Amino acid sequence: MPDTGPLPSTDKPLSRLDDLALFGAPPLFGTPRHVNRPQAPERAVFDALMDDVWQRRWFTNDGPLVQELERRLSDWLDVPHAVLTCNATIALDLVMQGLGIEGEVLLPSYTFISTAHMLTLRGLTPVFCEVGPDMLLDPEDCAARITPRTGAVVATHVWGSPCDIDGLQALCDEAGIPLIFDAAHAFGGRYKEHRIGRFGAAEIFSLHATKAFHACEGGLVTTCDGDLAARLRLTRNFGFSGSDRVECAGINAKMSELHAAMGLCNLDVFEQTRAAARAIHAGYRDGLAGVAGITLKCPAPEEDNNHHYVVCEIDESALGLSRDALLSVLSAENVFARRYFFPGGHRSPPHLARTEASGLSLPRTDAFCGRVLLLPGGSAAQPDEVARICTLIRFAAAQAEAIRDRL
Ligand code: T4K
């Protein structure tokens, strides 16, 4: 259901079990609160760019707004090459082609399923690895799975927190294979002295509407490798280097001018977006402080995290409620929390069959998939709504035993 503008919500008492929507009371919110609500730039700013597009009648194919956004992103991220695409999933495909990757590719199972699917569709074999306690690809586990068949490692900066970039780079250098980062969540983040975007052979950002910085749909590859960037520019446009000169096999992975305009508008206000998201995250930190069994993931200040995701770990025995029971309580109140990533890549078709055949065991990934819950973050909730969501969760925690009995 679409989420429509500033949101009416009901104030309701929370003193008895019957006050919960799960047991028949009216919901806390009159309309859904999702985990994401896309940043929408000022219409007048977007419209002015659209007027130019209409004037030019140049809608796609490496137009001036795409070129401008690439220049600005390259500056902002301090990386020599920024190549825009239609989305991050296809961008990964172009990078795999551009680097000539074959065989097996190591990746975390605890990430969005698009990566494993894209590798499979390209004829590569995804090899799922374990994450560390920080939910990020574990270099030691990764090292143990490298074989002569390994063609590359694709590591995700999950929830915008940087991977152990030095550790992963060292093991990829030793194996002589490229390291690619899925930076879909990590726009604006930092690792040591650099912004995310100039590490490994390439980093890939998603500019999907649900991301901290977005272009409605879109992908961005950043790299220090000029040859790779040139190949990506060819392959995103059917392999054309001139109007009728084809250099190689390619597909249509271009970004349109309309999407680039949205990206330009959102880049202008990214720091405000980030500051608002940080305030929302802090609201949850205060509101959930001291609730036994709920741990909010709090990024370290030096990460410069975009704070777009509000990630909780639910400890069922300490809370007295399972993650999924809490999810049901919240959903009934129109708070559509999400179980990202569930059930994990190695347990999702078509990859599950290989997991079962090989007896692959990733206990830490399974544990995260079973206990992580995302709450409405960024601009998906207003500060007063965060306070109400936290009150609801505290009430559910206090009533855990009774809720469990009644479920
Ligand atoms: N790597 C990682 C680590 C990723 O997270 C992703 C994408 C990718 C790679 C691939 O990037 P892209 O190829 O997409 O560029 C969503 C997004 O579709 C997907 O882009 C994203 N990750 C993933 C984590 O989430 P869904 O199916 O779970 O999201 P969806 O459509 O249910 O949206 C989430 C919530 O946002 C909804 O509950 C409603 C709300 N929403 C959504 C849209 C699109 C709105 O309020 N307005 C909107 O316009 O996949």
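When a residue number appears, it is its place in the shown sequence, counting from 1. This one's a predicted model, so the numbers in the text were calculated from it and none came from an experiment. Read the numbers this way: they start at 1 and go in the same order the structure lists the ligands and their atoms.
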Q: Can you list the ligand 1 atoms lying under 4.0 Å from a non-hydrogen atom of Thr111?
A: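 Listed by number with element, the hits are 3 (C).
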
Q: Using a plain distance cutoff, I'd like to know if Lys211 has any nitrogen or oxygen under 3.5 Å from a nitrogen or oxygen of ligand 1.
A: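 By distance alone, the answer is yes.
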
Q: Is there a polar contact, in the sense of an N or O pair closer than 3.5 Å, between Pro38 and ligand 1?
A: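 Among all N and O atoms of Pro38, none is under 3.5 Å from an N or O of ligand 1.
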
Q: Has the side chain of Glu257 got a donor or acceptor atom that lies under 3.5 Å from a matching backbone atom of Val66?
A: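 Checked: pair present.
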
Q: Sort out for me which residue in Leu22, Asn334, Leu20 forms a side-chain contact (heavy atoms from CB on, under 4.5 Å) with Pro27.
A: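 That would be Asn334; it is the only one of Leu22, Asn334, Leu20 passing the side-chain contact (heavy atoms from CB on, under 4.5 Å) with Pro27.
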
Q: With a 4.5 Å heavy-atom cut-off, do Val246 and Phe238 have their side chains touching?
A: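 The answer is no; the side chains never approach within 4.5 Å.
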
Q: Which residues pass the side-chain hydrogen bond (donor to acceptor under 3.5 Å, both in side chains) test with Asp52, sequence neighbours left out?
A: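 Listed in chain order: nothing, the list is empty.
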
Q: Tell me which part of Val158 gets within contact of ligand 1: side chain, backbone, both or neither, using heavy atoms under 4.0 Å.
A: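 Neither part.
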
Q: Between Ala209, Ala215, Ser114, Ala380, flag the one that comes closest to atom 8 (C) of ligand 1 by a heavy atom.
A: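 Comparing heavy atoms across Ala209, Ala215, Ser114, Ala380, the nearest one to atom 8 (C) of ligand 1 lies in Ser114.
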
Q: Does a donor on one side chain sit under 3.5 Å from an acceptor on the other, for His117 and His351?
A: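 There is such a pair between these side chains.
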
Q: Is Gly219 close enough to touch ligand 1? Criterion: a residue heavy atom under 4.0 Å from a ligand atom.
A: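 No heavy atom of Gly219 comes that close to ligand 1.
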
Q: Purely on distance, is any nitrogen or oxygen of Ser206 under 3.5 Å from one on ligand 1?
A: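 The answer is yes, given that Ser206 and ligand 1 share an N or O pair closer than 3.5 Å.
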
Q: Between Phe187 and Phe270, is the ring centre distance below 6.0 Å?
A: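 Judged by ring-centre distance (under 6.0 Å), Phe187 and Phe270 do meet the cut-off.
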
Q: Verify the distance criterion only: is there a donor paired with an acceptor across the side chains of Glu247 and Ser241 at less than 3.5 Å?
A: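 Present: a donor and an acceptor within the cut-off.
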
Q: Heavy-atom contact check, 4.0 Å cutoff: does Glu217 meet ligand 1?
A: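 Heavy atoms of Glu217 never come under 4.0 Å of ligand 1.
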
Q: Run the side-chain hydrogen bond (donor to acceptor under 3.5 Å, both in side chains) test against Gln399 and tell me which residues pass, sequence neighbours left out.
A: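 Listed in chain order: nothing, the list is empty.
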
Q: Looking only at distances, please establish whether an N/O atom of ligand 1 is found under 3.5 Å from an N/O atom of Thr210.
A: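 No; the residue has no nitrogen or oxygen that sits under 3.5 Å from a nitrogen or oxygen of the ligand.
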
Q: Before accepting this row, confirm whether a basic side-chain N of the pair Arg388/Glu333 lies closer than 4.0 Å to the acidic partner's carboxylate O.
A: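 No, Arg388 and Glu333 are not salt-bridged.
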
Q: Looking at Gly218, which atoms of ligand 1 are within less than 4.0 Å of one of its heavy atoms?
A: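 Checking each atom against Gly218, I get 15 (O).
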
Q: Give the atom numbers and elements of ligand 1 that come within less than 4.0 Å of a heavy atom of Ala184.
A: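 Ligand 1 atoms under the 4.0 Å threshold to Ala184: 1 (N), 2 (C), 3 (C), 4 (C), 9 (C).
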
Q: Is the contact between Tyr340 and ligand 1 made by the side chain, the backbone, both, or neither, using heavy atoms and a 4.0 Å cut-off?
A: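 Only the side chain of Tyr340 comes within reach of ligand 1.
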
Q: Could you tell me whether a side-chain N or O of Asn305 sits under 3.5 Å from a main-chain N or O of His307, the two making a donor and an acceptor?
A: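 Pair found, side chain donor or acceptor close to backbone of His307.
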
Q: Which one holds for Asn36 and ligand 1: side chain close, backbone close, both close, or neither close, with close meaning a heavy atom under 4.0 Å?
A: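 Asn36 to ligand 1: contacts from backbone and side chain alike.
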
Q: Looking only at distance, does His185 have an N or O less than 3.5 Å from an N or O of ligand 1?
A: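 Between His185 and ligand 1 (N or O atoms, distance only) the closest approach is under 3.5 Å.
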
Q: In ligand 1, which numbered atoms sit nearer than 4.0 Å to a non-hydrogen atom of Thr89?
A: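 Under 4.0 Å from Thr89, ligand 1 has these atoms: 10 (C), 12 (P), 13 (O).
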
Q: May I ask you to check if ligand 1 and Thr115 share an N or O to N or O distance below 3.5 Å?
A: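 Looking only at distances, the answer is no, because the N/O contact criterion of under 3.5 Å is not met.
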
